[in-house]
Amino acid sequence: MAKTMNHERSNHLKLSQLQILIAVTDYGSFSEAALQLQMSQSAISYAIATLEEDLGVVLFTRGRYGANLTPVGQQIVERARQICYLMEDIIKQADLAKGLKGGQVRISSFRSAATHILPEVIAEFCQLYPAIAVSIAEYDDCIHVESDLREGRADLGIIYYYLPTHKDLEIIELMRDEFVVLIPPDFQLKGQNLTWEELTKYPLIMAPDGDTCDAMVYAHSAKFGVTLNAIYHVRSDATIVSMVAKGLGAAITPRLAAVPIPKEVQIYSLPVPFFRMIGIAILKDALLTPATFAFLDLLKEQFNHL
């Protein structure tokens, strides 16, 4: 019951009452507060009386020397100042977000794009809009990127895909990233192009089961009657590349995930070339801020020049 009564009383409180409370405190009298707020003295008196009635306490002692806060009034006016400050800050932040003089852009991305694609764009964006903060959340796969978008933790995402199947997301293609075969330095190519037979003779180093990029590769090779069997399962792209350089096996990886590739490692296309698409993902019908639109335009402009 007490909780319900407190909730009802809080619903009666008005921001204008708190502003009047602060004004009477600052100017020391009801009449001076009325003059400064361009209100009648009776309106000021009524607002304070109503506030005292709603709260059930006396906020001011009235006398010939003006209005003085009671002890509980002093505690309440301090909190009223905090509330008014926060309300002003809420409006300020909203106004900043509507322009390009503040706010933030929240990006979620799979790791290799966050490493090799975003830094250059962010650097230019920060030069153009120094007051806008940019945050990046990076993940090993795109599942978490999509979750961030759907749950409101990101304004835009950078994802990879083979065929877009996300009905609730709008995808803007940025680039095609080829799956390449990395082979140890001692490999001797028999013809002009790598064959499936040559590839399957090498121990294969791939990511652990469940990796979406590897699933694309396995499905691609299966179309041509080829079954790829990994001998090593390694999570880190850098470790996979290092293992190939040491002659432990071959790897099939998106080029972007493999760079920088040591010069001694040989690089070939798959016997039937295969690509993943990299794109910007945003929620369909999302209300994007001007800051997010500006970052989106800059990102698209960068790749249009490639």
Side-chain angles (χ1 to χ4, degrees), residues 97 103-126 129 132-180 206-220 233-241 251-259 274-304 306:
Q104 64 174 331
V105 180
R106 302 168 302 162
I107 306 166
S108 283
S109 173
F110 67 97
R111 194 173 305 280
S112 53
T115 301
H116 301 295
I117 291 178
L118 289 177
E120 184 177 348
V121 180
I122 291 173
E124 183 172 349
F125 184 81
C126 289
Y129 310 106
I132 299 175
V134 179
S135 64
I136 305 177
E138 58 178 54
Y139 302 102
D140 288 330
D141 54 44
C142 293
I143 296 173
H144 294 91
V145 176
E146 294 166 16
S147 294
D148 279 0
L149 288 170
R150 294 186 177 106
E151 295 171 18
R153 293 188 295 269
D155 303 305
L156 57 87
I158 309 297
I159 66 170
Y160 58 78
Y161 57 95
Y162 176 52
L163 292 173
T165 57
H166 315 82
K167 294 183 179 179
D168 60 336
L169 299 178
E170 179 182 349
I171 311 295
I172 304 167
E173 183 180 332
L174 290 178
M175 61 177 289
R176 301 199 310 166
D177 186 22
E178 184 180 9
F179 284 91
V180 293
M206 301 291 277
D209 292 342
D211 182 84
T212 50
C213 276
D214 282 5
M216 292 180 190
V217 173
Y218 292 141
H220 175 69
H233 294 278
V234 181
R235 171 67 62 190
S236 167
D237 296 321
T239 302
I240 290 174
V241 175
I252 305 171
T253 176
R255 183 182 290 272
L256 193 65
V259 294
F274 184 53
F275 300 82
R276 67 175 179 176
M277 308 302 162
I278 295 176
I280 310 166
I282 56 176
L283 279 177
K284 288 183 177 177
D285 303 321
L287 297 175
L288 301 182
T289 64
T292 303
F293 271 120
F295 190 90
L296 192 60
D297 288 343
L298 185 60
L299 192 54
K300 290 189 289 186
E301 181 183 331
Q302 288 272 356
F303 281 87
N304 285 339
L306 294 180

Using a 3.5 Å cut-off and no angle test, enumerate the donor-acceptor pairs between side-chain atoms of residues 112-120 and protein atoms at least two apart in sequence or in another chain.
unit_1	atom_1	unit_2	atom_2	d
T115	OG1	R111	O	3.0
H116	NE2	V259	O	3.3

Which value, rounded to the nearest 0.5 Å, describes the distance between [X] atom [atom1] and [Y] atom [atom2]?
X: K284; Y: I171; atom1: NZ; atom2: CD1; answer: 8.5 Å
X: I132; Y: T292; atom1: CD1; atom2: OG1; answer: 8.5 Å
X: F303; Y: I278; atom1: CZ; atom2: CD1; answer: 7.5 Å
X: L283; Y: L156; atom1: CG; atom2: CG; answer: 10.5 Å
X: T212; Y: D140; atom1: OG1; atom2: CG; answer: 10.0 Å
X: I159; Y: L169; atom1: CD1; atom2: CG; answer: 6.5 Å

State which residues pass ring pair (Phe, Tyr, Trp, His ring centres under 6.0 Å) with [X]; sequence neighbours excluded, sorted by chain then number.
X: Y218; answer: none
X: F275; answer: none
X: H220; answer: F224, F274

Dump the intermediate steps for side-chain contact (heavy atoms from CB on, under 4.5 Å) on I280 and K300, then the final yes or no.
-> CA-CA 9 Å; I280 310 166; K300 290 189 289 186; 4.0 Å; yes
Would a 4.5 Å heavy-atom cut-off, applied to side chains only, mark [X] and [Y] as touching?
X: H233; Y: D209; result: yes
X: P254; Y: Y160; result: no
X: C142; Y: Y161; result: no
X: I158; Y: L299; result: yes
X: L256; Y: R276; result: yes
X: Y129; Y: V105; result: no

Please list, chain by chain and in numerical order, all residues satisfying salt bridge (Lys or Arg N to Asp or Glu O under 4.0 Å) with [X], sequence neighbours excluded.
X: D168; result: R150
X: E151; result: R153
X: D141; result: none
X: D214; result: none

Where do C126 and V134 come nearest, in terms of heavy atoms and distance?
->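 That closest heavy-atom pairing would be SG-CG2, 4.4 Å.
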Shortest non-hydrogen contact between I240 and A251, atoms and distance |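 Closest approach of I240 to A251, heavy atoms only: CG2-CB, 3.5 Å.
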Among residues at least two apart in sequence or on other chains, which ones pass side chain to side chain donor-acceptor pair (under 3.5 Å) with [X]?
X: S236; result: T239
X: S109; result: none
X: Q104; result: none
X: R106; result: D155

Any chance CD1 of I143 has more than 12 other-residue heavy atoms, nucleotides or ligands included, within less than 6.0 Å?
-> no
